[in-house]
Amino acid sequence: MLIKRPADIKPSEITPESIYRNRRQFLGASSTLMLGAALGGTSPLMAQDARGDQLKARAPAGLTRSEPAAWWGDKFDNIQPAPDAEPFFTDETLTPYDDVTAYNNFYEFGMDKGDPKRNSGEFNVDPWSVEIAGEVDKPGTYNLEDIVSPHQLEERIYRLRCVEAWSMVIPWIGIPLADILKRFEPNSNARFVEFETLVDEDTMPGVRSRFAIIDWPYREGLRMDEAMNPLAFMAVGLYGDYLPSQNGAPMRLVVPWKYGFKSIKSIVKINFLREQPINSWNELQPQEYGFYANVNPNVHHPRWRQDTERRLPQTLFSQNRIRTQMFNGYGEQVAHLYEGMDLSRYY
Ligand SMILES: Nc1nc2c(c(=O)[nH]1)N[C@H]1C(S)=C(S)[C@@H](COP(=O)(O)O)O[C@H]1N2
Ligand SMILES: [Mo]
């Protein structure tokens, strides 16, 4: 092995310990690939290995997944890596890929945490189109390709705090929500934006189920100034790779200062509105889930406390319980949005 002199070490190779740990799995896999190359083999993984080398986190090599639509082209080859500082990055330990993709809430595929992965095998996201409606100058039905193509993909490492008091740290790939929304030219009447998830009985067993508690489609909404905040993100991938179905393929919202249920998956409609829309969980249980749903350790759920959370993965020996932060730690960026509001009333 070559031992580098300090002058040969690029600054990009000197990374904080947490990132280094996150990368170890990837490095281990890539040395296997290099061995393959030395023996003259060319694996499709080689190309994948070379791409986006500056990313903070990558999916484990050798994943088997369905073929993404061809129009994605090389978009995933030049993703803008997450910066080294909050708020678009956290150095907290990443939740491993296997936990991010096997412990999910996506009721369209069933109510147990393992159901979305287990039951989304038939889910087809190509072709995919999104209807843009309401108070906009450019309404219409757009192919996903046309929505995504003009944008540079970016990596963001965010905390995700579910209202059920568990949390993860996830490296998303996507586009700032504001950049997407602006292209449709919302007019001055647009004070809120509403999102809807696909409803497909054929591929979504949770939608077919007689026991479903949600009145489909799953709906969510944001105030316009919340949607335009730089933290609000439209994700199309995670861990440097395409979004698995169970995580909301092909495109889902990520609103890191709010409880996870605001981060609606598999979006097929974006509707700009004058009035505040009703979101699915609020409709189902208004005393327990509000419209704002900002992460707030001081306002408890009627059935459990919200001042701590289980950071996944937990082990047999440790629940890994940590303190929940106001606005999930993003107060500097978003607290001003709620100035003068009583957050125990607007929960
Ligand atoms: N369409 C839809 N979107 C959804 C949900 C859902 O059931 N259906 N669950 C929400 C909840 S409660 C959480 S915590 C997050 C979980 O996202 P993840 O599975 O990618 O971690 O998705 C949110 N988005
Ligand atoms: Mo959640």
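Counting starts at 1 for both ligands and their atoms, in listed order. Note that the structure is predicted; figures quoted are calculated from it, not measured. By convention here, the first residue in the shown sequence is residue 1.
- Considering backbone and side-chain N/O of Trp166, none are found under 3.5 Å from N/O of ligand 1.
- Close approach of ligand 1 to Ser263 is summarised as follows: ligand atoms under 4.0 Å from at least one heavy atom of the residue are 22 (O), 23 (C), 24 (N).
- Between Glu288 and Arg303, at least one side-chain N (NZ, or NE/NH1/NH2) sits under 4.0 Å from a carboxylate O, which counts as a salt bridge.
- Relative ring orientation between Phe106 and Phe109 is described as perpendicular, the plane-to-plane angle rising above 60° on a 0-90° scale split at 30° and 60°.
- Compare Gly260, Ala293, Pro116, Ser167 by their heavy atoms: the one nearest to atom 23 (C) of ligand 1 is in Gly260.
- Of all the heavy atoms of Glu220, none lies under 4.0 Å from any atom of ligand 1, so neither backbone nor side chain is involved.
- Contacts of Thr197 with ligand 1, taken as heavy-atom pairs under 4.0 Å, involve the side chain alone.
- If you look at Glu108 next to ligand 1, the close heavy atoms, those under 4.0 Å, all belong to the side chain.
- For the pair Trp172 and ligand 1, the shortest N or O to N or O distance does not fall below 3.5 Å.
- Assignment of Met168 to the shell around ligand 1 is not supported, since no heavy atom sits closer than 4.0 Å.
- Both Leu284 and Ile264 are part of a single hydrophobic cluster, where members link through side-chain heavy atoms under 4.5 Å apart.
- Proximity to Asn247 (heavy-atom distance under 4.0 Å) selects the following atoms of ligand 1: 18 (P), 20 (O).
- Contact annotation for Tyr218 and ligand 1: only side-chain heavy atoms (C-beta onward) come within less than 4.0 Å of the ligand.
- Salt bridge annotation for Arg191-Glu135: absent, with no cationic side-chain nitrogen under 4.0 angstrom from a carboxylate oxygen.
- Within 6.0 Å of the CD atom in Gln287, the count of heavy atoms belonging to other residues, nucleotides or ligands exceeds 12.
- Scanning the protein heavy atoms around atom 17 (O) of ligand 1, the nearest turns out to be Arg252 NH2, 3.1 Å.
- Close approach of ligand 1 to Phe261 is summarised as follows: ligand atoms under 4.0 Å from at least one heavy atom of the residue are 10 (C), 11 (C), 12 (S).
- Those atoms of ligand 1 with a heavy atom of Cys162 less than 4.0 angstrom away are 14 (S).
- Glu185 has no carboxylate O lying under 4.0 Å from a charged side-chain N of Arg183, or vice versa, which leaves the two without a salt bridge.
- Atom 12 (S) of ligand 1 has its nearest heavy-atom neighbour, among Asn104, Asn105, Leu160, in Asn105.
- Because its NZ or CZ atom is both nearer than 6.0 Å to the ring centre of Phe291 and within 45° of the ring axis, Lys262 counts as a cation-pi partner of that residue.
- Between Tyr330 and Phe327, a ring centre-to-centre spacing not shorter than 6.0 Å is recorded.
- A cation-pi arrangement is present between Lys56 and Phe89 under the rule of less than 6.0 angstrom and at most 45 degrees off the ring axis.
- Under the 30°/60° scheme for interplanar angles, the aromatic rings of Tyr289 and His301 are found to be tilted.
- Distance from atom 7 (O) of ligand 1 to its nearest protein heavy atom, with residue and atom name: Tyr107 N, 2.8 Å.
- If you check which protein heavy atom lies closest to atom 19 (O) of ligand 1, you get Lys265 NZ, 2.7 Å.
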